[in-house]
Amino acid sequence: MNIQEAKQQTLEEKNILSDSEIAAIKKKLSKSSCGEKERECIKNMLQEKDLFTIRPVDEAMLCRFSKGGILMNKDELLVFTNPEDCEEYAKRYAAVRLGRDYTIGTIPFERVLRTAEDYEKSVYIDVRYNHDDRFLVYDGKTQALYLCINYKI
(Lines give C-alpha, C1' and ligand atoms only; values in the text may rest on other atoms or scores of the structure.)
Protein backbone atom coordinates (compact mmCIF):
# COMPACT_ATOMS: atom_id res chain seq x y z
CA MET A 1 0.00 0.00 0.00
CA ASN A 2 1.47 3.35 -0.99
CA ILE A 3 1.25 6.57 1.05
CA GLN A 4 -1.71 7.93 -0.91
CA GLU A 5 -3.70 4.71 -0.38
CA ALA A 6 -2.85 4.73 3.32
CA LYS A 7 -3.94 8.36 3.61
CA GLN A 8 -7.22 7.60 1.80
CA GLN A 9 -7.87 4.68 4.14
CA THR A 10 -7.26 6.98 7.13
CA LEU A 11 -9.63 9.57 5.64
CA GLU A 12 -12.38 6.98 5.36
CA GLU A 13 -11.79 5.54 8.83
CA LYS A 14 -11.48 8.84 10.69
CA ASN A 15 -13.82 10.87 8.50
CA ILE A 16 -11.41 13.78 8.23
CA LEU A 17 -11.29 16.39 5.48
CA SER A 18 -9.39 15.54 2.32
CA ASP A 19 -6.65 17.82 0.99
CA SER A 20 -9.00 19.10 -1.71
CA GLU A 21 -11.72 19.91 0.85
CA ILE A 22 -9.19 21.80 3.00
CA ALA A 23 -7.98 23.70 -0.07
CA ALA A 24 -11.59 24.59 -0.95
CA ILE A 25 -12.18 25.94 2.56
CA LYS A 26 -9.02 28.02 2.46
CA LYS A 27 -9.96 29.37 -0.97
CA LYS A 28 -13.37 30.46 0.31
CA LEU A 29 -11.74 32.13 3.32
CA SER A 30 -9.26 33.99 1.14
CA LYS A 31 -11.97 35.76 -0.86
CA SER A 32 -12.16 39.49 -0.18
CA SER A 33 -15.82 39.11 0.74
CA CYS A 34 -16.34 35.83 2.55
CA GLY A 35 -20.03 36.35 3.17
CA GLU A 36 -22.74 34.33 4.80
CA LYS A 37 -23.13 32.09 1.73
CA GLU A 38 -19.45 31.04 1.82
CA ARG A 39 -19.50 30.54 5.60
CA GLU A 40 -22.62 28.38 5.32
CA CYS A 41 -20.93 26.36 2.56
CA ILE A 42 -17.88 25.83 4.79
CA LYS A 43 -20.10 24.80 7.69
CA ASN A 44 -21.81 22.26 5.43
CA MET A 45 -18.42 20.91 4.33
CA LEU A 46 -17.47 20.41 7.98
CA GLN A 47 -20.68 18.52 8.84
CA GLU A 48 -20.01 14.88 9.71
CA LYS A 49 -16.25 15.47 9.63
CA ASP A 50 -13.72 15.16 12.42
CA LEU A 51 -11.49 18.08 13.36
CA PHE A 52 -8.17 17.96 15.18
CA THR A 53 -7.39 19.26 18.63
CA ILE A 54 -4.57 19.10 21.15
CA ARG A 55 -5.06 17.20 24.38
CA PRO A 56 -2.75 17.38 27.38
CA VAL A 57 -1.67 13.95 28.61
CA ASP A 58 -1.68 14.99 32.28
CA GLU A 59 -5.20 14.77 33.76
CA ALA A 60 -4.70 17.94 35.83
CA MET A 61 -3.68 19.85 32.70
CA LEU A 62 -6.56 18.32 30.76
CA CYS A 63 -9.11 19.73 33.22
CA ARG A 64 -7.38 23.10 33.23
CA PHE A 65 -6.78 23.53 29.48
CA SER A 66 -9.73 21.84 27.80
CA LYS A 67 -13.51 21.73 27.71
CA GLY A 68 -15.26 18.66 26.43
CA GLY A 69 -11.96 17.25 25.17
CA ILE A 70 -11.17 20.38 23.12
CA LEU A 71 -8.09 22.51 23.76
CA MET A 72 -8.92 25.84 25.39
CA ASN A 73 -6.59 28.82 25.12
CA LYS A 74 -7.63 31.69 27.36
CA ASP A 75 -11.38 31.58 26.81
CA GLU A 76 -11.57 30.09 23.29
CA LEU A 77 -11.74 26.51 22.12
CA LEU A 78 -9.29 25.55 19.36
CA VAL A 79 -9.70 23.01 16.56
CA PHE A 80 -8.00 22.47 13.21
CA THR A 81 -9.06 21.01 9.89
CA ASN A 82 -5.75 19.19 9.35
CA PRO A 83 -3.16 17.53 11.58
CA GLU A 84 -0.23 19.57 10.22
CA ASP A 85 -1.68 22.91 11.35
CA CYS A 86 -2.68 21.38 14.66
CA GLU A 87 0.85 20.05 15.23
CA GLU A 88 2.36 23.41 14.25
CA TYR A 89 0.12 25.19 16.77
CA ALA A 90 1.05 22.64 19.42
CA LYS A 91 4.76 23.15 18.85
CA ARG A 92 4.63 26.96 18.62
CA TYR A 93 2.08 27.91 21.27
CA ALA A 94 0.48 25.08 23.20
CA ALA A 95 3.70 23.40 24.33
CA VAL A 96 4.62 26.56 26.24
CA ARG A 97 1.56 26.16 28.46
CA LEU A 98 1.04 22.40 28.31
CA GLY A 99 4.59 21.16 28.24
CA ARG A 100 5.73 18.55 25.76
CA ASP A 101 3.25 15.90 26.91
CA TYR A 102 0.26 16.23 24.63
CA THR A 103 -1.53 14.21 21.99
CA ILE A 104 -3.40 15.23 18.90
CA GLY A 105 -6.84 13.74 18.61
CA THR A 106 -9.94 14.09 16.51
CA ILE A 107 -13.38 15.27 17.50
CA PRO A 108 -16.58 15.39 15.42
CA PHE A 109 -17.52 18.87 14.20
CA GLU A 110 -21.04 18.49 15.63
CA ARG A 111 -19.56 17.79 19.07
CA VAL A 112 -17.35 20.88 18.74
CA LEU A 113 -20.42 23.03 18.10
CA ARG A 114 -22.37 21.40 20.92
CA THR A 115 -19.49 21.95 23.36
CA ALA A 116 -19.21 25.61 22.34
CA GLU A 117 -22.93 26.06 22.88
CA ASP A 118 -22.96 24.19 26.21
CA TYR A 119 -20.13 26.31 27.62
CA GLU A 120 -21.06 29.48 25.66
CA LYS A 121 -17.52 29.67 24.27
CA SER A 122 -16.12 30.66 20.90
CA VAL A 123 -14.34 28.06 18.80
CA TYR A 124 -11.41 29.14 16.66
CA ILE A 125 -11.10 26.92 13.60
CA ASP A 126 -7.62 26.92 12.03
CA VAL A 127 -6.40 29.92 13.99
CA ARG A 128 -2.95 31.20 13.08
CA TYR A 129 -1.27 34.19 14.58
CA ASN A 130 0.31 35.62 11.45
CA HIS A 131 -0.62 39.01 10.04
CA ASP A 132 -3.69 38.92 7.79
CA ASP A 133 -4.38 35.22 8.40
CA ARG A 134 -8.04 34.32 8.17
CA PHE A 135 -9.81 31.77 10.29
CA LEU A 136 -13.33 30.86 11.32
CA VAL A 137 -14.93 31.53 14.67
CA TYR A 138 -18.05 29.74 15.83
CA ASP A 139 -19.77 31.68 18.61
CA GLY A 140 -21.44 29.27 21.01
CA LYS A 141 -23.68 31.99 22.44
CA THR A 142 -25.16 33.18 19.13
CA GLN A 143 -24.64 29.86 17.32
CA ALA A 144 -23.19 31.70 14.32
CA LEU A 145 -20.07 31.19 12.21
CA TYR A 146 -17.90 34.25 11.50
CA LEU A 147 -14.79 35.05 9.52
CA CYS A 148 -11.96 36.53 11.56
CA ILE A 149 -8.90 38.26 10.12
CA ASN A 150 -5.89 38.49 12.40
CA TYR A 151 -4.44 41.98 12.28
CA LYS A 152 -1.33 42.43 14.35
CA ILE A 153 -0.32 45.97 15.08
Side-chain angles (χ1 to χ4, degrees), residues 11 13-19 21-99 101-153:
L11 286 173
E13 290 173 4
K14 293 250 186 208
N15 205 24
I16 59 176
L17 294 163
S18 67
D19 290 341
E21 289 171 318
I22 293 168
I25 289 171
K26 290 184 181 201
K27 184 177 180 178
K28 288 184 183 307
L29 288 175
S30 70
K31 289 183 177 180
S32 59
S33 61
C34 182
E36 187 175 337
K37 183 179 175 183
E38 285 84 7
R39 292 191 310 268
E40 193 62 33
C41 182
I42 292 170
K43 188 175 179 181
N44 289 337
M45 289 174 73
L46 295 173
Q47 294 296 324
E48 299 182 14
K49 296 292 185 178
D50 291 343
L51 300 178
F52 294 89
T53 192
I54 302 157
R55 296 190 178 120
V57 173
D58 182 357
E59 282 294 318
M61 298 291 264
L62 183 64
C63 295
R64 187 172 166 201
F65 292 107
S66 72
K67 292 280 186 210
I70 303 168
L71 179 67
M72 190 170 68
N73 182 26
K74 297 180 184 168
D75 207 28
E76 293 82 30
L77 302 171
L78 304 173
V79 294
F80 299 86
T81 56
N82 65 74
E84 294 83 13
D85 287 348
C86 189
E87 181 69 27
E88 180 184 334
Y89 182 88
K91 288 178 181 176
R92 293 180 81 186
Y93 302 104
V96 173
R97 297 179 72 207
L98 302 176
D101 294 328
Y102 61 83
T103 61
I104 293 181
T106 59
I107 187 163
F109 178 66
E110 292 79 12
R111 185 168 155 207
V112 171
L113 300 185
R114 201 169 41 253
T115 301
E117 292 163 8
D118 290 347
Y119 290 100
E120 294 188 341
K121 301 278 183 202
S122 291
V123 180
Y124 288 5
I125 303 171
D126 285 343
V127 68
R128 298 174 67 93
Y129 293 113
N130 299 324
H131 180 70
D132 284 344
D133 273 340
R134 296 164 179 249
F135 58 96
L136 293 171
V137 177
Y138 179 79
D139 186 329
K141 292 179 186 175
T142 63
Q143 300 179 2
L145 192 63
Y146 300 97
L147 171 68
C148 187
I149 302 172
N150 190 25
Y151 289 112
K152 283 197 172 183
I153 299 173

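These numbers come from the heavy atoms of this one structure, side chains and all, not from hydrogens, waters or symmetry mates. The residues of the chain are indexed from 1 along the displayed sequence.
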Could you tell me which residues satisfy salt bridge (charged side-chain N to carboxylate O under 4.0 Å, His left out) with [X], sequence neighbours excluded, listed by chain and number?
X: Lys28; result: none
X: Glu87; result: Lys91
X: Lys67; result: none

Quick check: does any side chain N or O of [X] sit under 3.5 Å from a backbone N or O of [Y], one acting as donor and the other as acceptor?
X: Thr53; Y: Leu78; result: yes
X: Glu38; Y: Leu29; result: no
X: Ser122; Y: Glu76; result: no

According to ring pair (Phe, Tyr, Trp, His ring centres under 6.0 Å), who are the partners of Phe80, at least two apart in sequence or on a separate chain?
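Phe80 satisfies ring pair (Phe, Tyr, Trp, His ring centres under 6.0 Å) with Tyr89 only.
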According to ring pair (Phe, Tyr, Trp, His ring centres under 6.0 Å), who are the partners of Phe65, at least two apart in sequence or on a separate chain?
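Phe65 satisfies ring pair (Phe, Tyr, Trp, His ring centres under 6.0 Å) with no residue once adjacent residues are dropped.
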Ring pair (Phe, Tyr, Trp, His ring centres under 6.0 Å) partners of residues 26-60, not counting sequence neighbours, each pair once
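Qualifying pairs, neighbours excluded: none.
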Any [X] side-chain heavy atom under 4.5 Å of [Y] side chain:
X: Phe109; Y: Glu48; value: no
X: Leu17; Y: Leu46; value: yes
X: Ile125; Y: Val123; value: yes
X: Thr81; Y: Leu51; value: yes
X: Asp50; Y: Pro108; value: yes

[X] side, atom [atom1]; [Y] side, atom [atom2] - distance, nearest 0.5 Å:
X: Glu84; Y: Asp19; atom1: CD; atom2: CG; value: 7.5 Å
X: Lys37; Y: Ile42; atom1: NZ; atom2: CD1; value: 13.0 Å
X: Leu147; Y: Phe135; atom1: CG; atom2: CZ; value: 8.5 Å
X: Arg134; Y: Lys26; atom1: CZ; atom2: NZ; value: 13.5 Å

Can you name the side chain to side chain donor-acceptor pair (under 3.5 Å) partners of Glu21, sequence neighbours left out?
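Only Ser18 meet the side chain to side chain donor-acceptor pair (under 3.5 Å) criterion with Glu21.
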Please list, chain by chain and in numerical order, all residues satisfying side chain to side chain donor-acceptor pair (under 3.5 Å) with Asn82, sequence neighbours excluded.
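Testing Asn82 for side chain to side chain donor-acceptor pair (under 3.5 Å), a comparison that skips the adjacent residues, returns Asp85.
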What residues form a side-chain contact (heavy atoms from CB on, under 4.5 Å) with [X], not counting sequence neighbours?
X: Glu40; result: Lys43, Asn44
X: Ala23; result: none
X: Thr103; result: Arg55, Val57

Would you say CD of Glu36 has more than 12 non-hydrogen atoms from neighbouring residues, nucleotides or ligands within 6.0 angstrom?
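Atom CD in Glu36 is not crowded, with 12 or fewer foreign heavy atoms closer than 6.0 Å.
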Restricting to non-hydrogen atoms, name the atom on Ile104 and the atom on Cys86 that form the minimum distance, rounded to 0.1 Å.
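It is CG2-SG, 3.8 Å.
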Taking distance alone, no hydrogens or angles, what donor-acceptor pairs closer than 3.5 Å link side-chain atoms of residues 112-119 to residues at least two apart or in another chain?
unit_1, atom_1, unit_2, atom_2, d
Thr115, OG1, Arg111, O, 2.8
Glu117, OE2, Tyr138, OH, 2.4

